There are 2 protein chains.
Amino acid sequence: MFDPVCPSGLSPIRVGDKWAGMIIRCLEQGPRRFSELRVPLRGITAKVLTQSLRGLERSGLVVRTVHAGPPRQVEYGLTPLGRSLLEPMAALCAWTEEHWDELLDAREAETAI
Amino acid sequence: MFDPVCPSGLSPIRVGDKWAGMIIRCLEQGPRRFSELRVPLRGITAKVLTQSLRGLERSGLVVRTVHAGPPRQVEYGLTPLGRSLLEPMAALCAWTEEHWDELLDAREAETAI
DNA sequence: ACGGGTGGTTACCGGCGGGATACCGGCCGG
DNA sequence: CCGGCCGGTATCCCGCCGGTAACCACCCGT
């Protein structure tokens, strides 16, 4: 599948809470189901994913749609508002990718002192 | 002086730690001294400002220069790397300003439930 | 000599973000 | 009937972020 955004612990960039940015990018190409989201976001626990998704819902960036089952199916997708956030976020991600090495270098230079 | 960025508690956007984004924007127009930074960042305490600045230094986004006194003077300015971050950040800030109302509306709609 | 302003550092502390773990209701395959 | 997968919820707990307060070295004006 698609890769998660940068290992955000090192990045100076965050959107919303720790995972929100990555979630939004994971939804870029269309709605995903709960467990589909857990795959690219390696390591996220169900609770934290739920929390983040609820937060994004509350901000009107994400919609939760329950497709009546029986195989009960829940999809999360971007609202137009959420989609509009993709552009500036992409700019930031491009920046991070472009300057990743410099950021790492700066860290190492400091810790070497 | 210039205004701080949006009251970040509500914004889904954060850069680095709580204050880093605002600090960077405050340095947009040139280096500032420690106490000059405390003015636009109303409410920031000396410790937290120091912390944030050290973090930004560690990431290579900000430089600290001590101008030999006697009136000991310390200036913080953006590195080229830091300056390059201004563009994508501006895009994000523009987005936030543009969609501020929608974000607030979404919050209120939810809390009304 | 003394108080006050600048530019910090250090010690302490509380809240909450987020991780681990356990559990749960509904449905399905065997 | 039993176990397992989906989509969560409940609970506990720990670390870290950020705030308060105290302290400090240096210089200046009186």
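Bear in mind that the values here come from a model prediction, so they are computed numbers and not experimental data. Excluded from the calculations below are hydrogen atoms, water molecules and symmetry mates; all remaining heavy atoms, backbone and side chain alike, are included.
Contacts of R64(A) with the nucleic acid, taken as non-hydrogen atoms under 4.0 Å apart, involve only primed sugar atoms and P, OP1 or OP2.
Here dC5(D) presents its P atom at 17 Å from CD of E36(A), a figure rounded to the nearest Å. Here dG7(D) presents its C1' atom at 18 Å from CZ of R32(A), a figure rounded to the nearest Å. As rounded to whole Å, 15 Å separates atom C1' of dG8(D) from atom CD of Q73(A). Rounded to a whole Å, the CD atom of E57(B) is 13 Å from the C1' atom of dG8(C). When the P atom of dG8(D) is taken as reference, atom CZ of R72(A) falls 6 Å away, rounded to whole Å. Taking atom NE2 on H67(A) and atom P on dC27(C), their separation rounds to 18 Å, with Å as the unit. The separation between R38(A) atom CZ and dG7(D) atom P is 11 Å, rounded to whole Å.
Distances shorter than 4.0 Å separate some side-chain N or O of Y76(B) from OP1 or OP2 on dG8(C). A close approach under 4.0 Å does occur between a side-chain nitrogen or oxygen of R54(A) and OP1 or OP2 of dG8(D). Taking 4.0 angstrom as the limit, T50(B) places none of its side-chain polar atoms (N or O) nearer than this to OP1 or OP2 of dG8(C). The shortest distance between the side-chain N/O atoms of R33(B) and the OP1/OP2 oxygens of dG7(C) is below 4.0 Å.
Summarising the local packing, CD of E87(B) is surrounded by 12 or fewer heavy atoms from other residues, nucleotides or ligands at distances under 6.0 Å.
Shown here are the side chain to side chain contact (heavy atoms under 4.5 Å, CB included) partners of A94(A), two or more places apart in sequence or in another chain: there are none.
Between E57(A) and R54(A) there is a salt bridge, since at least one side-chain N of the basic residue sits less than 4.0 Å from a carboxylate O of the acidic one.
Once rounded to the nearest 0.5 Å, the distance linking CG of L37(B) with CD1 of I44(B) reads 8.5 Å.
Here the rule is side-chain hydrogen bond (donor to acceptor under 3.5 Å, both in side chains) with H67(A), and of E75(A), R72(A), Q73(A) only E75(A) fits it.
Checked by atom type and distance alone, the side chain of S59(A) never pairs as donor or acceptor with a backbone atom of L103(B) at under 3.5 Å.
At a threshold of 4.5 Å between non-hydrogen side-chain atoms, the residues W19(A) and L49(A) do not count as touching.
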Hey, what are the protein-to-nucleotides 15-19 of chain C N/O distances that come in under 3.5 Å?
| unit_1 | atom_1 | unit_2 | atom_2 | d |
| --- | --- | --- | --- | --- |
| dG18(C) | OP1 | K18(A) | N | 3.0 |
| dG19(C) | OP1 | K18(A) | NZ | 2.4 |
| dG19(C) | OP2 | W19(A) | NE1 | 3.0 |
| dG19(C) | N7 | K47(A) | NZ | 3.4 |
| dG19(C) | O6 | K47(A) | NZ | 2.3 |

